[in-house]
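The block underneath contains the structure these notes are about, expressed in structure tokens.
Letters A, B, ... are given to chains in the order of the sequence lines, protein chains preceding strands, and every chain is numbered from 1. Quick caveat, the model's predicted, so the values are computed rather than measured.
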Protein chains: 2
Amino acid sequence: MVTLAEVARHAGVSASTVSYVLSGKRSISTGTRERVERSIQQLGYHPNAGARALASSKSNVIALMMPLRTDMYVPVMMEIAIAVATTARAHGYDVLLLTGDEGPAAVRRVTGSGLADAMILMDVELDDERLPLLRDSERPAVLIGLPADTTELTCVDLDFVATGALCVEHLAELGHRDIAFIGEAPAVYERHTGFAERTLEGLRGKAGELGVRLLHRPCDAGYGPTSATLARVLDERPGTTAFIVQNESAVEPLLGVLRQRGRAVPEDVSVLAICPDQVALQASVRLTSVSIPAEEMGRRAVERIVAKLAGRGEDEVSLITPELTVRASSGNAPG
Amino acid sequence: MVTLAEVARHAGVSASTVSYVLSGKRSISTGTRERVERSIQQLGYHPNAGARALASSKSNVIALMMPLRTDMYVPVMMEIAIAVATTARAHGYDVLLLTGDEGPAAVRRVTGSGLADAMILMDVELDDERLPLLRDSERPAVLIGLPADTTELTCVDLDFVATGALCVEHLAELGHRDIAFIGEAPAVYERHTGFAERTLEGLRGKAGELGVRLLHRPCDAGYGPTSATLARVLDERPGTTAFIVQNESAVEPLLGVLRQRGRAVPEDVSVLAICPDQVALQASVRLTSVSIPAEEMGRRAVERIVAKLAGRGEDEVSLITPELTVRASSGNAPG
DNA sequence: ACGTTGAGTCGAAGCGCTTCGACTCAACGT
DNA sequence: ACGTTGAGTCGAAGCGCTTCGACTCAACGT
């Protein structure tokens, strides 16, 4: 491995000069700079990450803590992770991948060892046990998701309350008066995942306001559970003319079951999905949807982190305004 | 931050003794060890990662290079990534997440800077431009996937040739004589992705051997392309009684289109998928499938890496034997 | 009674950077 | 003619570990 000292010798300058060329923290004459840069090129020098971290007490690494579960919103998680990695690189940071199963211990380990300068946490629960540690830690952290208490925390998330409201509003405008919400799996509500509860809050609030009847049914993924759920909904509320789906793995089953029962979309029933655009576009019917802006969430999270590491940026909750795209699955209420 | 020196002072021993307690590289008396461990606990000490890396020239980090694309096999990628992270932690390593878009430069940067001790590469193309660098590098690397030339490389992959053969064999046994293979998107073949070509090789080889007719059609994801592809297949080969699908986002569209055309599965046509078990189980028909053992691939890759870092283990190609699970989508050929 | 051995411990050097203070020297104003 | 200023450079210290060599001392065989 080539060291900074070898570069210095090759360029005929001192080690500190090479360091200042690299960091730009002191002015360097053009001639010297060029000579050093040439030596770096010729020798194929890469600064040693460990030495740099030790001397500067900055690792230039951001830790990303992902959920271990692979049973839900996989495409969203993946897109966020890739956006985080890409944005981080653009700012000169690398990304350390942690899984959620280490829990609070991972937070302690990473912040304590200086492995990373900051953390991004996904899949935050309303009363997450990692939060006290983050509040105490002097290292910046950003949550993707919204816990119950956000004091002293920085969060980035889609505004799920507004998302729920927007869905009801759209359907109400089309004349729908009886809406069913096919939600996430029961386990998601039991874990008190923030986004699921907030969506429900937004849906119920707007439904109450506009005098629309709303039926909420958690639903496991797959054809069997969806079919059963749908049967119960249609039994209890035969007048249902619109469905809102949040669980992306229930989308295709729902469309399939509706087709089986001879209910045309959007003539007989409208379907509105809360899902990534890609899912909405690849479904068997092009879905009217509120998109989950995974890329933007990942990117914003990194930008906040970078700002905080640079000493700028307060703790704050940054909610992304939902956007509804009308496609082929929603239309006027029948009759 | 608590340092090793503070732990030493607290425990009344020298710094090197604390270090040896931590590493176990020299014998320590029980009394001293316990005293040091108590001090570590009480002070909440975590060794500084940078200092450790600098002194030992080992970072205890494994880099994982993932494809940037989010348009294909997302669940597989995700499951591999999580298996890598989990297995790595179990061996005391952390995982650095790199995206493929930095290309060979990322390999140079990571190996040159000592950011990681080893690399795992996913989404390897047959003639990948990162391979020469890996062969030259003194740092261990493992590929998940199989390039054209595997000399001096360690690879882990599903045996896709055997997978293709297994699929044809199963269908031939059921009496099918006309099989259509709905492959990956055309772009995948154009990039010469190894697994796609190898699957085809296995399918064709076994089909030739058993005298079965095989039609190969690349197919983009979504209902439109799948529907069009299927129409062409049924036009050209009306006698087709079985489909093999590799592109997991074509699975549900294929089933939907078959249903629309009144072809019952498995009475009229058999469908066999090459996909993760989860996809096979959540489809509208429980699919007979050859599973893609994502978890095992990730785990094996890390185990190889760890072995190589410990000085054990040769360069070698490790192919996982495919397993076919019969479910509800395959049956005897009609007539 | 003696050297030998190994368990247990310490001190110092060194890993490859960053950063501080100090120096030189030309340019500048008075 | 003089001090002042800032651009440009260097040397040394220090970041927090690991590891080598050296030391002590009890246990052991002869």
Side-chain angles (χ1 to χ4, degrees), chain A residues 1-37 39-40 43-61 92 94 109-117 309, chain B residues 1-37 39-40 43-61 92 94 109-117 309:
Chain A
M1 289 294 90
V2 185
T3 68
L4 184 139
E6 295 174 54
V7 173
R9 203 174 314 127
H10 187 270
V13 296
S14 75
S16 49
T17 299
V18 175
S19 179
Y20 286 123
V21 168
L22 251 27
S23 69
K25 292 194 176 170
R26 287 202 181 169
S27 48
I28 299 285
S29 68
T30 315
T32 304
R33 185 199 320 287
E34 282 169 358
R35 204 141 29 86
V36 169
E37 279 164 356
S39 297
I40 289 174
L43 300 177
Y45 169 69
H46 288 272
N48 179 287
R52 194 166 245 195
L54 178 57
S56 67
S57 42
K58 292 189 305 171
S59 64
N60 286 308
V61 168
D94 272 290
R109 192 169 62 83
V110 167
T111 60
S113 67
L115 246 181
D117 298 330
L309 285 172
Chain B
M1 289 295 88
V2 185
T3 68
L4 183 140
E6 295 175 54
V7 172
R9 203 173 314 127
H10 188 269
V13 297
S14 74
S16 49
T17 299
V18 176
S19 178
Y20 286 123
V21 167
L22 251 26
S23 69
K25 291 194 178 171
R26 287 203 182 169
S27 49
I28 299 285
S29 68
T30 314
T32 305
R33 184 199 320 286
E34 282 170 358
R35 206 143 25 86
V36 169
E37 278 163 356
S39 297
I40 288 174
L43 301 178
Y45 169 69
H46 287 272
N48 179 285
R52 193 166 247 196
L54 178 58
S56 66
S57 43
K58 292 189 306 173
S59 64
N60 285 308
V61 168
D94 272 291
R109 192 169 63 84
V110 167
T111 60
S113 68
L115 246 181
D117 298 332
L309 285 171

Toward the 5' end of DNA chain C, by each residue's nearest nucleotide, B:Ala55 or B:Gly12:
B:Gly12
Tell me which of A:Tyr20 and A:Leu4 sits closer to the 5' end of DNA chain C, going by the nucleotide each one is nearest to.
A:Leu4
From C-beta outward on [X], which listed nucleotide comes closest to its side chain: [options]?
X       : options                : result
A:Arg26 : D:dC17, C:dC10, C:dG21 : C:dG21
B:Asn48 : C:dA12, C:dC17, D:dC17 : D:dC17
B:Thr17 : C:dG16, C:dT19, C:dT9  : C:dT9

Are [X] and [Y] packed together at the side-chain level, in the sense that at least one heavy-atom pair is separated by less than 4.5 angstrom?
X       : Y        : value
A:Val61 : A:Leu115 : no
B:Leu22 : B:Val36  : no
B:His10 : B:Leu43  : yes

Without decimals, in angstroms, what is the distance between [X] [atom1] and [N] [atom2]?
X       : N      : atom1 : atom2 : value
A:Leu22 : C:dT19 : CG    : P     : 12 Å
B:His46 : D:dC17 : NE2   : P     : 12 Å
B:Glu34 : C:dG8  : CD    : C1'   : 15 Å

Give the intermediate values and the outcome of side chain to side chain donor-acceptor pair (under 3.5 Å) for residues B:Ser113 and A:His46.
CA-CA 5 Å; B:Ser113 68; A:His46 288 272; over 6 Å; no
Watson-Crick and G-U pairing of DNA chain D, under 3.5 Å, as dot-bracket with | and [ ]
||||||||||||||||||||||||||||||
Check the phosphate of [N] against [X], side-chain N and O only, distance under 4.0 Å to OP1 or OP2. Yes or no?
X       : N      : result
A:Lys25 : C:dT18 : no
B:Ser27 : C:dG8  : yes
B:Ser16 : C:dG11 : no
A:Ser56 : C:dT18 : no
A:Ser57 : D:dC15 : no

Distance-minimising heavy-atom pair for [X] and [Y]:
X       : Y        : result
B:Arg35 : B:Gly12  : NH1-O, 4.3 Å
A:Thr32 : A:Thr17  : CG2-CG2, 3.8 Å
A:Ser59 : A:Gly114 : CB-O, 3.6 Å

Would you mind classifying the nucleic acid contact of [X] as base, sugar-phosphate or nothing, using non-hydrogen atoms under 4.0 angstrom?
X       : value
B:Thr32 : sugar-phosphate
B:Leu54 : base
B:Thr3  : sugar-phosphate
B:Ser29 : sugar-phosphate

Select from A:Arg33 and B:Ser19 the residue whose nearest nucleotide in DNA chain D is closer to the 5' end of that strand.
A:Arg33
Hey, could you give me the CZ/CD1 distance between B:Arg26 and B:Ile28, rounded to the nearest 0.5 Å?
9.0 Å
